[in-house]
2 protein chains.
Amino acid sequence: MRIGELAGAAGVSVRALRYYEEQGLLAAQRTPRGQRVYPPAAVDRVQLIQQLYAAGLPSRTILELLPCVDAGVSTPESLARLAAERDRIDEQIAGLIATRDRLDRVIAIASDPTHPCMTS
Amino acid sequence: MRIGELAGAAGVSVRALRYYEEQGLLAAQRTPRGQRVYPPAAVDRVQLIQQLYAAGLPSRTILELLPCVDAGVSTPESLARLAAERDRIDEQIAGLIATRDRLDRVIAIASDPTHPCMTS
DNA sequence: CTAGAACCTGACGTTGACGTCAGAGGCAAG
DNA sequence: CTTGCCTCTGACGTCAACGTCAGGTTCTAG
């Protein structure tokens, strides 16, 4: 598939795909005239990249962990790195749950009809 | 307390505190000579701001929700906004859990001594 | 064969939450 | 009184993940 199709299928921009290639995250075959060609599996890979970005990992870290996550190739170092990132995500989850619960309590109090501070 | 003390107590930089004031998130009294003075409660407020930043909220949104979360002052609009952000955080948590579980599976497979792809 | 869509490289623009530097003033200690 | 640390304003720097534009090439439908 070509870059526009991949972008549509994976839900990202064409520019983002070229950026991923620039960062070494996503390789592409080329036609004799220089246009990028991707295998169908690239869709999953792009979505994985997006998922890791969403978890707050920078390109460099994703680059280090992708062979590990994607192909199952692992060294002791990459495994440790993987575990460290997992723990970081865990802390992030815990923080978000605390924030959500705090917002929930605020909502509960503010939704209480007997609440004294309604502006309306 | 002065700005340096608050920064130390809340675990942020002096620059960050001035930035929060610039964004309208954190008011400060001033000495006759113009130096900022904060009440002890500012520590909690700064940590709340940090928590909301960590949840991915931009300054503008925090500004809209702070009176609500901090003082319990709520309008129907801010309440809806609050609920929307709560739901966004919920989705964010779900995504992070999926990512963490994916990493967990990779770690489990790669840690398996019978795994075929260990480089070492 | 030709128009228009899709693609290419290269390069500069954007945004948010600060970092950092310059230059000047304030403040307790010795 | 001066040394040294803290503070002030103002302004430019940073970094990451792209957006966007320019100027040119390639592919495809009619």
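Naming: A, B, ... by sequence-line order, numbering from 1 per chain.
Looking at B:Glu21 and B:Arg18, no side-chain N of the basic residue comes within less than 4.0 Å of a carboxylate O on the acidic one, giving no salt bridge.
Set against C:dC18, C:dT9, D:dC27, the side chain of A:Arg30 has C:dT9 as its closest nucleotide. Taking every side-chain heavy atom of B:Ser59 into account, C:dA17 is the closest of D:dT9, D:dA17, C:dA17. Taking only side-chain atoms of A:Arg33, from C-beta outward, the nucleotide of D:dC27, D:dG19, C:dC8 with the closest atom is D:dC27. For B:Ser13, taking side-chain heavy atoms from C-beta onward, the closest of the listed nucleotides D:dT7, C:dG19, C:dC8 is C:dG19. Checking D:dC27, D:dA17, C:dC18 against the side-chain heavy atoms of A:Tyr53 singles out D:dA17 as nearest.
Computed from coordinates, the B:Tyr20 OH to C:dA17 P distance equals 9 Å when rounded to whole Å. Note: CD (A:Glu5) to P (C:dA5) measures 17 Å, nearest angstrom. Nucleotide C:dC8 holds its C1' atom 7 Å from the CZ atom of A:Arg36, rounded to whole Å. Between A:Glu22 atom CD and D:dA16 atom P there is a gap of 12 Å when expressed in whole angstrom units. Rounded to whole Å, atom C1' of D:dT7 lies 15 Å from atom CE of B:Met1. As a whole-Å value, the separation of B:Glu21 CD from C:dC18 P is 15 Å.
Backbone-only contact: A:Arg2 has heavy atoms under 4.0 Å from sugar-phosphate atoms and none from a base.
Position along DNA chain D of the nearest nucleotide to B:Arg15 versus B:Gly4 favours B:Gly4 as the more 5'-ward residue.
Remark: B:Tyr19 is not in phosphate contact with C:dC18, judged by side-chain N or O atoms under 4.0 Å from OP1 or OP2.
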